[in-house]
Amino acid sequence: MNKKKQNYKMIISYDGTNYRGWQRLKNDDKSIQFKIERVLSELYKRDIQVIGSGRTDAGVHAICQIANFHADNTYSIDEVYEYVNHYLPEDIAIQNVELVDELFHSRFNVSEKRYQYKIWNGVHSNVFNRKTSYWVKEPLDIDKMKEAAKQLVGKHDFLGFSTKSKKKNTIRDIYNISISIEDSMITIDISGEGFLYNMIRIIVGTLIEIGQSKKGIDIIEQVFKSGNREDAGYTVPGKGLCMVDVTYK
């Protein structure tokens with residue numbers, strides 16, 4: 001067989017509880033990227049680098065993380081799919097593998113990312129969802145949270161809603177935010193072109209404080225004007241956050 005380079009696209013799901021995030025840091029085996037690269041490298045008998053659509057933080061989960069890697073055509077798509085899923089730990093799964101155009105890049109070609117943050121708003125803990133949701137005991141005013149969320153939609157400077165350096169571009173475009181509740185589980189669904197470091201978790205922390213009447217709805221505009229991280233709410237834990245979809249141009 002004449003070997004040729006091919007570009008493989010993967011859809012990946014993972015429970016981020018036991019990991020420090022997506023991104024590989026040197027030889028730290030506590031990242032999702034490291035685990036997948038190690039298995040692929042063992043398959044191809046050479047170093048394989050995997051490019052993810054975005055870096056999820058420690059404890060953050062994914063239903064639909066997209067990644068791509070380049071390798072030769074030694075193995076079929078089915079063989080890659082079966083081998084990788086066989087040797088990955090049970091909290092990481094490859095949902096699909098396909099061949100894509102050589103120019104496809106899982107990070108640079110993204111047009112929209114969608115995340116969900118789960119809040120369990122009850123007097124007792126949610127035993128079976130405690131690793132994928134954040135427990136807030138105090139009752140939350142959902143209407144206030146929804147009203148505040150409307151102000152976040154659109155293109156704004158989100159410097160105050162991040163821990164990102166002032167030297168970099170902090171303008172982002174949020175396409176939509178919706179807040180729903182079923183039983184005691186609140187879901188904050190947010191989509192946009194991209195997000196700054198900790199941006200979603202700080203936004204959620206701010207909405208929670210508004211729902212608790214610790215901050216007024218006008219705090220959103222105040223943070224936009226000041227760009228001051230201290231004006232916004234706290235950073236909620238990563239465990240309630242999940243990447244649910246990635247759209248490409």
Side-chain angles (χ1 to χ4, degrees), residues 4-14 16 21-24 31-37 40 48-57 60-73 76-78 80-81 84-85 92-117 149-159 161-165 167-180 187-204 224 238 241-249:
K4 67 174 183 177
K5 282 280 189 177
Q6 297 185 138
N7 195 6
Y8 295 81
K9 174 187 174 186
M10 300 182 292
I11 299 175
I12 307 162
S13 298
Y14 49 84
W22 163 266
Q23 187 181 16
R24 168 181 33 81
S31 73
I32 311 296
Q33 184 182 23
F34 179 92
K35 295 290 187 184
I36 297 172
E37 287 181 341
L40 285 170
I48 298 291
Q49 293 188 342
V50 174
I51 304 165
S53 65
R55 301 172 181 175
T56 54
D57 297 333
V60 176
H61 317 289
I63 293 172
C64 180
Q65 166 73 282
I66 306 296
N68 73 291
F69 68 95
H70 294 85
D72 58 48
N73 60 342
S76 69
I77 291 174
D78 288 342
V80 174
Y81 173 83
V84 177
N85 277 314
I92 305 173
I94 307 301
Q95 303 293 342
N96 186 62
V97 180
E98 64 178 301
L99 290 175
V100 290
D101 186 88
E102 182 65 24
L103 296 178
F104 173 81
H105 192 287
S106 61
R107 182 159 56 93
F108 294 153
N109 298 145
V110 171
S111 61
E112 181 177 345
K113 292 179 182 178
R114 182 177 158 223
Y115 288 84
Q116 287 183 345
Y117 196 94
K150 291 177 184 177
Q151 300 181 38
L152 293 161
V153 176
K155 189 172 288 188
H156 305 281
D157 187 342
F158 284 91
L159 173 63
F161 290 100
S162 76
T163 51
K164 195 175 178 72
S165 168
K167 295 180 180 179
K168 298 181 179 179
N169 178 23
T170 52
I171 295 175
R172 293 293 183 272
D173 192 355
I174 290 184
Y175 302 147
N176 183 66
I177 300 182
S178 64
I179 302 175
S180 59
T187 301
I188 300 177
D189 195 301
I190 180 168
S191 62
E193 62 174 355
F195 302 92
L196 303 173
Y197 184 60
N198 283 339
M199 177 174 156
I200 296 177
R201 291 163 61 190
I202 294 170
I203 284 174
V204 172
F224 284 149
L241 186 60
C242 183
M243 175 186 282
V244 297
D245 198 14
V246 183
T247 305
Y248 288 88
K249 299 172 185 175

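- Residues Met10 and Val97 approach most closely at CG-CG2, 4.2 Å, considering heavy atoms.
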Ile190 vs Ile174, test: side chain to side chain contact (heavy atoms under 4.5 Å, CB included). Steps then yes/no.
CA-CA 8 Å; Ile190 180 168; Ile174 290 184; 3.8 Å; yes
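- In this structure, Leu152 CG and Lys150 NZ are separated by 12.5 Å, a value rounded to the nearest 0.5 Å.
- Distance check: Ile48 CD1 to Leu40 CG gives 6.5 Å after rounding to the nearest 0.5 Å.
- Looking at every heavy atom in both residues, Glu193 comes nearest to Ile171 through OE2-O, 4.2 Å.
- Look at Arg24 and Glu37 and you find a salt bridge, because one of the NZ, NE, NH1 or NH2 atoms lies within 4.0 Å of a carboxylate O, short of that distance.
- Here the two rings, on Phe195 and Phe158, have centers that are 6.0 Å apart or farther.
- A distance of 13.0 Å separates OH in Tyr81 from CD in Glu98, rounded to the nearest 0.5 Å.
- The two residues Val60 and Leu241 have their closest heavy-atom pair at CG1-O, 3.4 Å.
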Is there a side chain to side chain contact (heavy atoms under 4.5 Å, CB included) between Cys64 and Val244? Walk through the geometry before answering.
CA-CA 5 Å; Cys64 180; Val244 297; 6.0 Å; no
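- In terms of heavy-atom proximity, Gln65 sits nearest to Gly54 at NE2-O, 3.0 Å.
- Within the model, atoms CD1 of Ile203 and OH of Tyr115 stand 12.0 Å from one another, a figure rounded to the nearest 0.5 Å.
- Among the candidates Lys9, Arg107, Met243, the single residue satisfying the side chain to side chain contact (heavy atoms under 4.5 Å, CB included) test with Ile66 is Lys9.
- Side-chain N or O atoms of Asn198 include none that pairs as donor or acceptor with a backbone N or O of Ser162 at under 3.5 Å.
- Taking both residues in full, the closest heavy atoms of Asn169 and Leu196 are given as O-CD2, 4.0 Å, listed atom of the first, atom of the second, then distance.
- With Gln23 contributing its side chain and Thr56 its backbone, the two residues share no donor-acceptor pair below 3.5 Å.
- A side-chain donor-acceptor contact under 3.5 Å links His61 to the backbone of Gly16.
- In this structure, Asp245 contributes its side chain and Lys113 its backbone to no donor-acceptor pair below 3.5 Å.
- With salt bridges taken as basic N to acidic carboxylate O contacts below 4.0 Å, one links Asp189 and Arg114.
- Side chains of Tyr248 and Ser106: no donor on one and acceptor on the other come within 3.5 Å.
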Please step through side chain to side chain contact (heavy atoms under 4.5 Å, CB included) for the pair Ile51 and Phe69, ending with a clear verdict.
CA-CA 6 Å; Ile51 304 165; Phe69 68 95; over 6 Å; no
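- Using a cut-off of 4.0 Å between Lys/Arg side-chain N and Asp/Glu carboxylate O, Asp157 and Arg172 are scored as not salt-bridged.
- Between the side chains of Thr187 and Gln116, no donor-acceptor pair is found at a separation under 3.5 Å.
- The side-chain heavy atoms of Thr247 and Val110, taken from C-beta on, include no pair separated by under 4.5 Å.
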Is there a side chain to side chain contact (heavy atoms under 4.5 Å, CB included) between Val50 and Trp22 once you walk through the steps?
CA-CA 11 Å; Val50 174; Trp22 163 266; 4.0 Å; yes
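- Contact record, Asn73 with Tyr8: CA-OH, 3.9 Å, taken as the closest heavy-atom pair.
- Using a 4.5 Å cut-off on side-chain heavy atoms (C-beta onward), Ile177 and Ile188 make contact.
- Side chains of Asn176 and Val153 form no contact here, defined as non-hydrogen atoms less than 4.5 Å apart.
- Formation of a donor-acceptor pair under 3.5 Å by the Asn96 side chain with backbone atoms of Ile11 is not found in this model.
- The aromatic rings of Phe161 and Phe224 lie perpendicular to each other, with more than 60° between the two planes, well past the 30° mark.
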